[in-house]
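Hydrogens, waters and symmetry mates are skipped; everything else that's a heavy atom, side chains included, is used. Heads up: numbering here begins at 1 and tracks the sequence. Computed from a prediction, not measured in an experiment: that's the story for all the values here.
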Amino acid sequence: MTEKILNNKKHGMLALILTILLLMIGLNLVIIGALLEEVNTVLFVVTLVAGILILALGWIPLLGLKVLKPQEALVLTLFGKYIGTIKGDGFYYVNPFCVAVNPAAKTKLNQSGDVSSSSSLTKALTGGNEIDMVNKRISLKIMTLNNNRQKINDCLGNPIEIGIAVTWRITDTAKAVFNVDNYKEFLSLQCDSALRNIVRIYPYDVAPNVDTTGDGVADEGSLRGSSEIVAERIRAEIQNRVNDAGIKIVEARITYLAYATEIAAVMLQRQQASAIIDARKMIVDGAVGMVEMALDRLNEGGKVQLDDERKAAMVSNLLVVLCGSHDAQPIVNSGSLY
């Protein structure tokens with residue numbers, strides 16, 4: 001199905017004026033026919049019938065009047081056949097028997113654009129009951145879809161919760177309406193499927209011996225550290241799936257990423273342990289450097305001569321002081337060093 005744009009349909013105002021004139025003519029014929037009742041019976045009947053027919057059928061052209069705002073479109077069918085699409089702001093006139101088609105008009109997703117059109121005045125006039133007024137117009141604006149968070153296992157089997165926001169727009173209205181049953185639901189399902197396929201390739205955090213690019217070489221890709229790359233792969237995966245629906249994926253972003261609740265506490269302890277180990281390693285490396293520097297400074301002056309046993313004791317004391325997790329309590333030796 002290929003989109004066909006109807007560019008020569010902005011005749012709404014002219015059609016409205018002509019229809020009003022036609023109805024006025026019909027009303028005048030009825031009045032004139034009533035005045036001719038006693039003059040000429042045949043002319044009376046003909047004029048009266050013509051006026052009544054015009055008044056009875058003259059409202060039909062009004063059905064062909066269409067008003068569109070910027071970035072809106074209407075997909076039109078005539079007796080089941082697709083005849084074209086009108087796009088852009090303006091006052092249009094089309095065949096009165098044309099029907100606008102939008103299978104996703106009633107679909108409400110967690111996305112921009114899906115808001116209720118019922119006003120407070122309408123609710124007041126209807127006693128609080130909302131009227132089901134279906135808008136058949138198709139929005140061509142950029143919209144954002146926030147799908148529900150999903151629980152997915154990463155490449156290491158750890159369950160994680162992840163959510164994405166997908167920015168999209170319709171580029172081909174004919175494909176969106178006729179190639180899929182409901183383009184909004186179709187997009188939502190494809191987003192969930194693409195997200196699951198991409199997330200299972202990556203670990204949550206950097207892990208050894210994991211190939212995320214498919215080139216056979218282990219890399220440092222991860223969901224937490226490579227969010228931009230992951231988001232771009234998700235966008236490309238969704239785009240490949242929705243091409244037949246005439247939808248363009250502008251951007252995909254990760255909005256939520258965390259371990260699942262059942263393992264979140266354990267993974268937090270693991271991260272804390274890793275951080276403690278890294279910190280201790282840094283402290284020990286610094287302490288050893290400081291001890292080496294102290295011994296070199298003492299040997300440079302030659303004022304203090306320490307044998308190997310005393311050096312070992314000094315190194316032990318300095319490492320205890322520098323590497324201890326609590327403040328040291330010094331003991332002053334007032335006697336001889338030996």
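- Connection of M13 to L22 is not established within any shared hydrophobic cluster, with ILVMFWY side chains joined at heavy-atom distances below 4.5 Å, either directly or through further cluster members.
- Taking 4.5 Å as the limit, some side-chain heavy atom of L76 sits within range of a side-chain heavy atom of V94.
- Both L16 and I86 belong to a single network of hydrophobic side chains, linked directly or stepwise wherever heavy atoms of I, L, V, M, F, W or Y lie under 4.5 Å apart.
- Residue pairs meeting the ring-ring contact (aromatic ring centres under 6.0 Å, His included) criterion with at least one partner in residues 203-227, sequence neighbours excluded, are Y204-Y259.
- Under a cut-off of 6.0 angstrom, the local environment of OH in Y256 is crowded, with over 12 non-hydrogen atoms contributed by other residues, nucleotides or ligands.
- With T47 contributing its side chain and L29 its backbone, the two residues share no donor-acceptor pair below 3.5 Å.
- With rounding to the nearest 0.5 Å, the separation of CD1 in I152 from CG in L195 is 4.0 Å.
- Remark: the backbone N or O of A15 is paired with a side-chain donor or acceptor of T19 at under 3.5 angstrom.
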Check the pair N197 / R241 against side chain to side chain contact (heavy atoms under 4.5 Å, CB included), numbers first and verdict last.
CA-CA 12 Å; N197 285 342; R241 294 168 177 264; 2.5 Å; yes
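- With hydrogens and angles ignored, the 3.5 Å screen pairs a side-chain donor or acceptor of R169 with a backbone N or O of L140.
- Closest approach of A231 to R253, counting heavy atoms only: CB-CA, 4.4 Å.
- Shortest non-hydrogen contact noted between Y183 and A104 is CE2-CB, 3.6 Å.
- For N153 against P159, the heavy-atom pair with the smallest separation is OD1-CA, 3.4 Å.
- For D172 (side chain) and A245 (main-chain N/O), no donor-acceptor pair under 3.5 Å exists by modelled atom type.
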Derivation of the side chain to side chain contact (heavy atoms under 4.5 Å, CB included) call for T85 and V177:
CA-CA 11 Å; T85 301; V177 171; over 6 Å; no
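- Side-chain N or O atoms of K4 include one that pairs as donor or acceptor with a backbone N or O of I83 at under 3.5 Å.
- Side-chain contact between F91 and L65: present, with at least one pair of heavy atoms (C-beta onward) separated by less than 4.5 Å.
- Taking 4.0 Å as the cut-off between side-chain N and carboxylate O, R235 and E237 do not count as a salt-bridged pair.
- In this structure, R137 contributes its side chain and V67 its backbone to a donor-acceptor pair below 3.5 Å.
- The structure places CG of L18 at 11.5 Å from NE2 of H11, a figure rounded to the nearest 0.5 Å.
- Atom CD1 of I32 sits about 6.0 Å away from atom CG of N28, to the nearest 0.5 Å.
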Before giving the answer on salt bridge (charged side-chain N to carboxylate O under 4.0 Å, His left out), spell out for K66 and E72 the whole-Å C-alpha distance, their side-chain angles and the decisive distance to 0.1 Å.
CA-CA 11 Å; K66 308 293 182 183; E72 286 186 345; over 6 Å; no
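- Under the 4.5 Å side-chain criterion, counting only non-hydrogen atoms from C-beta, P103 is in contact with V101.
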Is there a side chain to side chain contact (heavy atoms under 4.5 Å, CB included) between S188 and L109 once you walk through the steps?
CA-CA 8 Å; S188 179; L109 299 177; 4.2 Å; yes
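- Grouping the Ile, Leu, Val, Met, Phe, Trp and Tyr side chains by contacts below 4.5 angstrom, directly or via other members, places M24 with I60.
- Contact record, Q71 with K141: CB-CG, 3.6 Å, taken as the closest heavy-atom pair.
- Summarising the geometry, atom CG belonging to L189 is positioned 14.5 Å from atom NZ belonging to K184; distances are rounded to the nearest 0.5 Å.
- For the pair N158 (side chain) and D154 (backbone), a donor-acceptor distance under 3.5 Å is absent.
- Applying side chain to side chain contact (heavy atoms under 4.5 Å, CB included) to V199 and the options I160, I254, L257 leaves one that passes, I160.
- In the hydrophobic clustering of this structure, V49 groups with V30; members are Ile, Leu, Val, Met, Phe, Trp, Tyr whose side-chain heavy atoms approach within less than 4.5 Å, directly or through other members.
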Full working for side-chain hydrogen bond (donor to acceptor under 3.5 Å, both in side chains) between N146 and T144:
CA-CA 7 Å; N146 282 311; T144 302; over 6 Å; no
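- At distances below 3.5 Å, at least one donor-acceptor pair connects side-chain atoms of K10 with backbone N or O atoms of D89.
- Put simply, I52 and V45 are part of the same group of oily side chains (I, L, V, M, F, W, Y) that touch within less than 4.5 Å, one to the next.
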Donor-acceptor pairs are to be reported for all side-chain atoms of residues 219-226 against protein atoms at under 3.5 Å, with residues two or more places apart or in another chain.
residue: D219; atom: OD1; partner: T212; partner atom: OG1; Å: 2.6
residue: D219; atom: OD1; partner: G221; partner atom: N; Å: 2.9
residue: D219; atom: OD2; partner: T212; partner atom: N; Å: 3.1
residue: D219; atom: OD2; partner: T212; partner atom: OG1; Å: 3.2
residue: S222; atom: OG; partner: G225; partner atom: N; Å: 2.9
residue: R224; atom: NE; partner: D205; partner atom: OD2; Å: 3.3
residue: R224; atom: NH2; partner: D205; partner atom: OD1; Å: 3.1
residue: R224; atom: NH2; partner: D205; partner atom: OD2; Å: 2.7
residue: S226; atom: OG; partner: S222; partner atom: N; Å: 3.3

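- For the atom pair CD (Q190) and CG (N147), the distance works out to 11.0 Å, reported to the nearest 0.5 Å.
- Residues D192 and Q150 form a side-chain contact, since some pair of their non-hydrogen atoms from C-beta on lies under 4.5 Å apart.
- The backbone N or O of A260 lies less than 3.5 Å from no partner atom in the side chain of E161, so there is not a single donor-acceptor pair.
- Scanning all heavy atoms of the two residues, the minimum distance from Y93 to P96 falls at OH-CG, 3.5 Å.
- For T107, the side-chain hydrogen bond (donor to acceptor under 3.5 Å, both in side chains) partners at least two apart in sequence or on another chain are N182.
- Across V75, I5, N102, L74, a single residue satisfies side chain to side chain contact (heavy atoms under 4.5 Å, CB included) together with T173, and that is V75.
- Residues W59 and L55 are not in side-chain contact: their nearest non-hydrogen atoms beyond the backbone lie 4.5 Å or more apart.
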Could you walk me through whether V180 and E185 pass side chain to side chain contact (heavy atoms under 4.5 Å, CB included), step by step?
CA-CA 10 Å; V180 294; E185 292 182 354; over 6 Å; no
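- The number of heavy-atom neighbours closer than 6.0 Å to CG of D181, taken from other residues, nucleotides and ligands shown, is 12 or below.
- The distance from atom SG of C98 to atom OH of Y82, rounded to the nearest 0.5 Å, is 11.5 Å.
- Salt bridge status for E3 with K87: present, with a side-chain N to carboxylate O gap under 4.0 Å.
- Taking a 6.0 Å sphere around CD1 of I229, one finds it holds 12 or fewer heavy atoms contributed by other residues, nucleotides or ligands.
- Residues I247 and T171 come closest through the heavy atom pair N-OG1, 4.3 Å.
- Contact annotation: the side chain of L145 approaches that of W168 to within less than 4.5 Å [non-hydrogen atoms, C-beta and beyond].
- At a threshold of 4.5 Å between non-hydrogen side-chain atoms, the residues I170 and I138 count as touching.
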